[in-house]
Asker: 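Please read through the structure below; I'll follow up with questions.
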Amino acid sequence: MVEKLNDDIGEEKRLQLWELMLKLRLVEKKAYDLFLQNLIKGTSHLALGQEAIAGAFGVALKKGDYTFCTYRGHAHTLARGSSIEGVLGELMGRQCGLMKGKGGSMHLTDVDKGVMGSYAIIGAHLTIANGTALASKYNKTNEVSVCFFGDGTTNIGAFHEALNMAKIWNLPIVFVCENNLYMEYTPIHEVTAVEHPAADRAGAYDLDKIIVDGNDADEMLRTAEKAISKAREGKGPSLIEAKTYRHSGHSRADPGKYRPDEEVKDWMENKDPIKNYRAKLLDFNINEKIISEIEEKIKDQVEKATEISIASPIPEIKEIYTDVWANGGSEWHN
Amino acid sequence: MAQLTYRASVSLAIAQSMRKDQKVFFIGEDVGAAGGVFKATVGLLEEFGKERVMDAPISEQAILGAAMGAAMTGLRPIAEIMFSDFLAVCWDIVANQIAKTRYMSDGQINIPLVIRTANGGGSKFGAQHSQSLENWSMMIPGLKVVAPSCPSDVLGLMDSAVKDPDPVIFYEHKSLYALKEEIEQTDISIPIGEANTLHEGKDITIIGLALMAQRAKEAALILKDKHDINAKVIDLRSLVPLDLQTIKKSVIETGHVLTVEENPRLCGWGAEISSLISEHCFKNLKGPVTRVTTPHVPLPSADILEDNTIPSVELIVNEVIKKLKGE
Ligand SMILES: Cc1ncc(C[n+]2csc(CCOP(=O)(O)OP(=O)(O)O)c2C)c(N)n1
Ligand SMILES: [Mg+2]
């Protein structure tokens with residue numbers, strides 16, 4: 001299709017998407033800086049370069065919809081509207097963190113925003129996301145559940161169990177495979193029987209084969225909206241394979257040296273979703289002033305949230321013993 | 001007044017919970033049309049229909065994952081894992097997801113679900129369909145562990161398990177499914193975490209669970225009739241939460257303790273109880289706390305082999321006599 005500014009997507013939504021993607025990028029960069037300052041401990045998995053996927057769904061979803069993501073989940077959490085200090089505070093182990101430091105980077109959860117958790121054991125959350133979708137069907141409400149995961153995840157049993165169940169029960173769910181070409185340090189094609197790790201398996205579950213350029217924010221948004229509408233109308237699950245690339249290593253400790261320099265360079269320079277979207281907005285003759293005002297606004301938000309997080313107290317030791325049980329405590333005998 | 005089997009009390013307990021609360025639904029393999037491989041869920045599909053009694057594919061992870069996700073929204077699923085041994089193929093969902101999500105989310109998420117499963121030996125099914133796996137779940141913070149020993153406990157504890165805001169693993173004993181009991185009132189509730197005394201006595205405390213609690217009671221009757229020994233038999237009913245107070249009270253009276261477990265020796269729940277007793281009642285003890293368990297072997301299949309592996313009534317009787325009379 002020949003795109004125009006005020007086509008099916010339109011100016012307002014494009015600016016909204018641009019602002020959101022930028023926020024995901026800048027918060028993730030800030031997380032990286034905070035590591036270097038040793039203010040964030042433990043591990044962390046950045047989604048730099050993959051923002052168009054989280055961003056598109058963030059724009060397309062409604063309040064009340066459920067999302068499930070992986071340990072690479074800072075962006076997905078922010079995309080649903082969680083506060084920046086909630087995310088950075090959790091990474092830094094502060095009281096202002098979404099879970100007061102009890103979950104950490106890999107388990108960001110914000111139920112009020114529909115962020116039903118970030119999951120660190122490959123595959124598990126596909127089965128759990130079916131459960132919220134099942135609940136919507138059971139209650140005859142029309143929320144949609146969306147579950148994000150990586151290419152590597154298509155090789156674990158839970159992926160296959162979950163797709164089959166979603167199909168036989170016609171669940172209102174969208175499965176989104178973010179194919180960033182690597183499972184940890186191994187190129188996905190070296191360990192997968194098919195070329196397209198998710199899409200080539202779709203047929204086995206009577207689902208459409210959907211492959212999208214996950215770095216093209218507009219295409220990503222269209223694909224997301226279509227799958228979400230399908231689920232909301234009771235027409236069942238979708239499986240989307242979105243091609244993308246992470247700009248940084250797999251996790252904090254990984255310099256990513258197993259990837260060819262040329263490949264990294266190509267994705268960073270030519271296929272960066274944010275750089276390209278900015279250029280596209282300019283092509284649409286959106287005033288650069290509007291764009292840079294948004295940039296300034298987001299930078300400011302990230303700086304303020306960083307200050308709040310750093311100033312936030314560390315958790316109290318007694319938190320160790322809270323919330324194992326619904327009564328708030330951790331006792332196991334009388 | 002009705003005579004109910006343990007098996008029939010399972011389906012009645014589920015039905016009673018489903019009648020009371022529209023949020024309760026039931027999911028498992030072969031549970032609906034077939035009524036369960038142990039026929040413990042007969043009639044549920046007919047009464048509640050396919051939307052609330054769901055026959056699932058052989059996908060234990062997907063079954064428990066779906067139950068968990070539904071519970072996160074406030075529904076109250078009961079999920080069946082056909083044999084407790086199969087928990088091994090979905091242990092990630094149990095031990096990493098269901099057990100820990102409330103804690104990791106700082107209490108944002110509750111997971112009010114029940115996993116019921118057929119547990120224990122006695123059927124000569126061999127090492128992969130006979131295990132007693134309560135210990136597996138006992139050692140994971142965030143899981144409640146219930147194991148009823150009689151039909152009325154099935155009714156009362158299931159009612160509480162379904163209403164419980166936390167995840168409960170409900171171990172039904174295969175060898176108890178045929179057990180009968182006269183029951184006056186079926187719609188009952190028994191709090192989780194209250195042990196039950198099956199036999200009164202002041203000479204020794206015998207602590208058991210599920211089938212082993214029943215065998216300990218039979219042993220106590222023989223000890224009284226033939227050996228003039230009065231044993232108090234405590235049926236724990238649940239390992240988490242644990243009724244330590246009832247144990248302590250009895251140990252203070254008797255000074256002798258024997259735990260009877262169906263699981264293999266190492267890290268069995270009896271070891272934890274023994275440690276608690278030495279911490280809390282050391283001065284009251286007249287001798288070491290001892291444990292009867294299955295030896296540390298996988299369960300063999302042949303009649304004579306299985307029967308001689310799982311603790312028998314005779315073994316319990318002999319252990320008590322050995323402890324008290326040094327014979
Ligand atoms: C069951 C399981 N096996 C292995 C791991 C270790 N691990 C963490 S991330 C990862 C790679 C996953 O790759 P992919 O699904 O492509 O996601 P990506 O990290 O690229 O976003 C592995 C192997 C794990 N967390 N869980
Ligand atoms: Mg990957």
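Just so you know, these numbers use all the heavy atoms, side chains as well, and skip hydrogens, waters and symmetry mates. All chains are named by letter (A, B, ...) in the order of the sequence lines, taking the proteins before the strands, and each is independently numbered beginning at 1.
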Asker: Indicate, with yes or no, if the rings of B:Phe48 and B:Phe25 have centres closer together than 6.0 Å.
Answerer: no
Asker: Under 4.5 Å from any heavy atom of chain B, what part of A:Ile320 do you find: side chain, backbone, both or neither?
Answerer: both
Asker: Determine, using ring centers only, whether A:His125 and A:Phe68 are less than 6.0 Å apart.
Answerer: no
Asker: Side chain, backbone, both or neither: which part of A:Asn164 has a non-hydrogen atom closer than 4.5 Å to chain B?
Answerer: side chain
Asker: So which of B:Asp92, B:Asp106, B:Leu276, B:Ile98 has the largest heavy-atom pair count under 4.5 angstrom toward chain A?
Answerer: B:Asp106
Asker: Which bit of B:Gln108 is near chain A, if near means a heavy-atom gap under 4.5 Å: side chain, backbone, both or neither?
Answerer: both
Asker: Between A:Trp332, A:Trp169, A:Tyr138, who has the most heavy-atom pairs with chain B when the cutoff is under 4.5 Å?
Answerer: A:Tyr138
Asker: Between B:Glu279 and B:Lys248, does any side-chain N to carboxylate O distance fall below 4.0 Å?
Answerer: no
Asker: Examine whether an atom of B:Glu194 lies under 4.5 Å from a heavy atom of chain A, and if so say whether it belongs to the side chain, the backbone or both; otherwise answer neither.
Answerer: neither
Asker: Relative to chain B, which of A:Ala158, A:Ala162, A:Ser136 shows the most heavy atom pairs under 4.5 Å?
Answerer: A:Ala158
Asker: Relative to chain A, which of B:Val89, B:Leu75, B:Leu64 shows the most heavy atom pairs under 4.5 Å?
Answerer: B:Leu75
Asker: What I want to find out is whether B:Arg19 reaches B:Glu47 closely enough, with some N-O distance under 4.0 Å, to be called a salt bridge.
Answerer: yes
Asker: Pick whichever of B:Gly142, B:Cys90, B:Pro241, B:Gly107 has the most heavy-atom pairs under 4.5 Å with chain A.
Answerer: B:Gly142
Asker: Checking heavy atoms, do the side chain of B:Ile27, its backbone, both or neither come under 4.5 Å from chain A?
Answerer: side chain
Asker: Among B:Gln22, B:Met54, B:Lys23, B:Glu60, who wins on heavy-atom pairs under 4.5 Å with chain A?
Answerer: B:Met54
Asker: Assess whether ring-ring contact (aromatic ring centres under 6.0 Å, His included) is satisfied between A:Phe149 and A:Phe159, documenting all intermediate values.
Answerer: CA-CA 10 Å; A:Phe149 52 92; A:Phe159 167 85; 5.8 Å; yes
Asker: Salt bridge check: are A:Arg80 and A:Asp65 linked by an N-O gap of less than 4.0 Å?
Answerer: no
Asker: Would B:Ile247 and B:Ile277 count as a side chain to side chain contact (heavy atoms under 4.5 Å, CB included) here? Give the steps.
Answerer: CA-CA 8 Å; B:Ile247 297 172; B:Ile277 291 171; 3.8 Å; yes
Asker: Under the side chain to side chain contact (heavy atoms under 4.5 Å, CB included) test against B:Ser105, which residue among A:Leu98, A:Thr109, A:Asp323 passes?
Answerer: A:Thr109
Asker: Given the options A:His333, A:Glu331, A:His107, which has more heavy-atom pairs under 4.5 Å with chain B than any of the others?
Answerer: A:His333
Asker: What part of A:Ala124 is in contact with chain B, defined as an atom under 4.5 angstrom from a non-hydrogen atom: side chain, backbone, both or neither?
Answerer: both
Asker: Should the pair B:Asp159-B:Lys20 be classified as a salt bridge under the 4.0 Å nitrogen-to-oxygen rule?
Answerer: yes
Asker: Relative to chain A, which segment of B:Ala99 carries a heavy atom at a distance below 4.5 Å: side chain, backbone, both, or neither?
Answerer: neither
Asker: Where on A:Glu319 is there a heavy atom nearer than 4.5 Å to chain B: the side chain, the backbone, both, or neither?
Answerer: both
Asker: Are B:Asp153 and B:Arg237 within salt-bridge range, i.e. N to O under 4.0 Å?
Answerer: yes
Asker: If I measure from the heavy atoms of chain B, does A:Leu108 come under 4.5 Å with its side chain, its backbone, both, or neither?
Answerer: neither
Asker: Between A:Lys167 and A:Asp206, is there a donor-acceptor pair closer than 3.5 Å when you use the side chain of the first and the backbone of the second?
Answerer: yes
Asker: Determine the option with the most heavy-atom pairs under 4.5 angstrom with chain A, choosing from B:Thr246, B:Ile93, B:Asp243, B:Val240.
Answerer: B:Asp243
